[in-house]
Amino acid sequence: EAQVTQNPRYLITVTGKKLTVTCSQNMNHEYMSWYRQDPGLGLRQIYYSMNVEVTDKGDVPEGYKVSRKEKRNFPLILESPSPNQTSLYFCASSPWVTGTGANVLTFGAGSRLTVL
Amino acid sequence: SQELEQSPQSLIVQEGKNLTINCTSSKTLYGLYWYKQKYGEGLIFLMMLQKGGEEKSHEKITAKLDEKKQQSSLHITASQPSHAGIYLCGAVPGGSNYKLTFGKGTLLTVNP
């Protein structure tokens, strides 16, 4: 089944304890992205990657790191989590059809992170 | 950056009623996407519109993009409890397809 898999789905951690949320897709997609969703603020993009070793900042990159060493994986790293990073996180991928404006994203099921 | 305004923010309808959700941009929309999200879950792609005046339908859901490509509407006919959820519009700014920005969503409740 074609899908984007995120882990963990739920996590409670403490301020300052480094954590990684993994994201993997099995569709051979070029493009991957991380979003966070917060009440009243909607879905905001954190980072995206157009291809292996190519990443760029989205709208809210502060406090996050990403890497794209392999096409299928795009982990989100929180080096020193803080309570304001408590959120619902989504990973998404797309085949990225250049020049057509077409970029249908397939989303993972989400990772609910709580930072105490 | 491109901002998408969705209205209404929330909507409660009786089963069987029709409803419309709007998505408005201050800039031309190059690719308008509608997604549905069940509370706390991932987003499911519904439809994509690219051309001014374009209209697409899937089952009881119809989406339209206006001629000026600055507003889209999502219309549900004869709503059912299964239609309940959060509807989000997303758009690609400025003709680029590397960045998809979303509206804040419309929460739809359908009462049986």
Side-chain angles (χ1 to χ4, degrees), chain A residues 2-6 9-10 23 25 27 29-51 54-61 68 87-114, chain B residues 1-10 21 23-25 27-52 54 56 58 63 65 69 72 85-107:
Chain A
Q3 59 186 359
V4 177
T5 304
Q6 298 178 225
R9 293 288 315 279
Y10 302 92
C23 175
Q25 50 96 2
M27 295 166 282
H29 282 171
E30 301 284 340
Y31 179 93
M32 297 185 75
S33 182
W34 276 101
Y35 289 86
R36 61 179 288 176
Q37 187 176 37
D38 303 287
L41 297 176
L43 205 61
R44 295 177 293 169
Q45 191 174 42
I46 304 171
Y47 270 97
Y48 61 92
S49 169
M50 288 86 79
N51 210 330
V54 182
T55 64
D56 205 350
K57 297 176 181 178
D59 297 318
V60 287
R68 187 91 181 273
S87 187
L88 179 58
Y89 291 86
F90 289 103
C91 181
S93 72
S94 165
W96 189 33
V97 183
T98 304
T100 66
N103 192 4
V104 177
L105 291 169
T106 300
F107 281 83
S111 296
R112 187 169 292 281
L113 171 64
T114 301
Chain B
S1 63
Q2 182 153 37
E3 290 190 1
L4 298 174
E5 293 286 334
Q6 282 189 240
S7 62
Q9 287 186 313
S10 63
I21 297 168
C23 176
T24 302
S25 171
K27 301 179 182 178
T28 301
L29 298 168
Y30 292 94
L32 188 288
Y33 303 78
W34 283 102
Y35 286 82
K36 179 187 175 185
Q37 180 185 22
K38 289 193 176 179
Y39 182 75
E41 298 182 10
L43 282 70
I44 304 298
F45 171 72
L46 295 175
M47 280 172 275
M48 176 181 69
L49 305 166
Q50 288 187 273
K51 300 175 183 176
E54 187 174 9
K56 288 188 178 178
H58 177 67
L65 183 62
K69 295 173 65 176
S72 178
I86 301 171
Y87 289 82
L88 295 100
C89 63
V92 179
S96 168
N97 67 335
Y98 65 87
K99 187 176 175 69
L100 188 56
T101 304
F102 288 88
K104 293 182 180 179
T106 295
L107 175 61

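This is a predicted model, so every value here is computed, not measured. Letters A, B, ... are given to chains in the order of the sequence lines, protein chains preceding strands, and every chain is numbered from 1.
When heavy atoms are compared at a cutoff of 4.5 Å, Q6(A) does not approach chain B at all. Within the 4.5 angstrom heavy-atom criterion, only backbone atoms of L41(A) (N, CA, C, O) approach chain B. Of the two parts of R112(A), only the side chain, counted from C-beta on, holds a non-hydrogen atom closer than 4.5 Å to a non-hydrogen atom of chain B. Residue Q37(B) touches chain A through its side chain alone, counting heavy-atom pairs closer than 4.5 Å.
Residues satisfying the ring pair (Phe, Tyr, Trp, His ring centres under 6.0 Å) criterion with Y89(A), sequence neighbours excluded, are Y64(A). Shown here are the ring pair (Phe, Tyr, Trp, His ring centres under 6.0 Å) partners of F90(A), two or more places apart in sequence or in another chain: there are none.
Between V104(A) and Y35(B), the closest side-chain pair of non-hydrogen atoms falls below 4.5 Å. Proximity of L100(B) to Q45(A): side-chain heavy atoms (C-beta onward) are nowhere separated by under 4.5 Å. Within the 4.5 Å cutoff, the side chain of L43(A) has no heavy atoms near those of the T101(B) side chain.
If you look at F45(B) and F107(A), their ring centroids are not closer than 6.0 Å.
Interatomic distance, CZ of R44(A) versus NZ of K104(B), reported as 9.0 Å (0.5 Å rounding).
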